[in-house]
Amino acid sequence: MKKAPLVAIPLVLFLLLVVFLFKGLFSDPRELDSQVKDKTLPSFSLPDLMKPDITYTPDDFKGKVTILNVWGVWCVTCAVEMPFLTELKNEENVHIVGLYFDQDLDPDFGTKTLTRVQQEVIEMLGRYGNPYAFNIFDVYRDTSLDLGVTGAPEHFVIDADGIIRMHHIGDINERVWNNKIGPLYKALVAEAMSGEVNQISTKGTM
Amino acid sequence: MRVFIAFLTAVFVALPATYAVEDKYEFDSPQQRESFLQLTAELRCPMCQNQNIADSDAMIAHDMRRKVYSLLKQGKSEQEVIDYMKARYGDFVHYKPPVTLATLWLWLGPVFFIVVALIVVIRRRSVTPPEDMAAKLAKADAMLEQEKE
């Protein structure tokens, strides 16, 4: 009678191991705890990719819910998601901003000219559609580092106050949009709209 | 043949030079170099999971090495560089995890295991001899005597 619990120990350990490994089957090792979630964008001052005279700062993200898409022409998955993002822009009026960085551009030994980068971008957008309101050129990839970007594509959902609400690693496809990003984006847009209405109404009463 | 030997010599002379290209960072002091090597071995590449940034060839690892270098050049301490990376990539980025509620079992697990093993060993040792030990021994002795006869 007394022996029964001892016999159960290996069985229990085995079952615990099974549960642990089974959970591992469905976990994504690239899913990190984002350090920038619920924070404002890190400060930056970066040029527009196409018109380098224009400079963007985090203030440019205020007033509109934005999806910041980290991408580059060298990134295959970015090309795959581009038609879907373009569709989102055209059909659901989603505001997508690109954070562009180039792989072949070694900040210490720049090997590519800006015109060359621009040409490649124009060619790629011509082929797959242009979902971007504008593209910010992260020349030294410092802002990507500040944002905790590990590669491309990655996406940040930024609310109308310029606060990062979600960091999504990987592409946006129909499933990801419908289950993960879309609902948040729509809720934030609704929130921003009601905020505006409130502001107007408080102004009206004043 | 002579040409071939000359070619080989050229290759071997050129080899160290190609390695030297990798060593593009210049340091102010041997300590700084040591810190750099230490940090790049200790920081984990967020892209390629089980490699440190010294090992990895991912772009992010390149960028992180560059950042470690520039932070050290600015006179930041090793701990400050680690904190800088942790602020961006989380505890994941450092190969020495901090003691938190979630990671506590990494330290307590082995201790728990040792304690359980000790208890088992000690319990095994102190097996109490049966009460009629003396009688049994006497019986055995008697049997041995019988055998001798």
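Order of the sequence lines fixes the chain letters, A, B, ..., with proteins taken first and strands second; residue numbering starts at 1 for each chain.
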- Query: Would B/Asp57 and B/His62 count as having a side-chain donor-acceptor pair, cut-off 3.5 Å?
  - Reply: yes
- Note on the structure: Under a 4.5 Å heavy-atom criterion, the part of residues 68-76 of chain B in contact with chain A comprises none
- Query: Which heavy atom in A/Tyr132 sits nearest to a heavy atom in A/Gly98, and how many Å separate them?
  - Reply: CD2-N, 3.4 Å
- Residue B/Tyr89 versus chain A: region with a heavy atom under 4.5 Å: both
- Flag, side chain of B/Asp55 to backbone of B/Asn52, donor-acceptor distance under 3.5 Å: no
- Item | Aromatic ring pairing A/Phe26/A/Phe22, orientation class (parallel under 30°, perpendicular over 60°, tilted between) | perpendicular
- Task: Identify the two heavy atoms, one from A/Val73 and one from A/Met124, that lie closest to each other, and give their separation to 0.1 Å.
- Result: CA-SD, 3.6 Å
- Message: If I compare all heavy atoms of A/Lys37 with all of A/Arg165, which pair ends up nearest, and what's the gap?
- Response: CE-O, 3.4 Å
- chain A contact via B/Lys67 - which portion, at a heavy-atom distance below 4.5 Å: side chain
- What orientation do A/Phe44 and A/Phe61 show, parallel under 30°, tilted 30 to 60°, or perpendicular over 60°? perpendicular
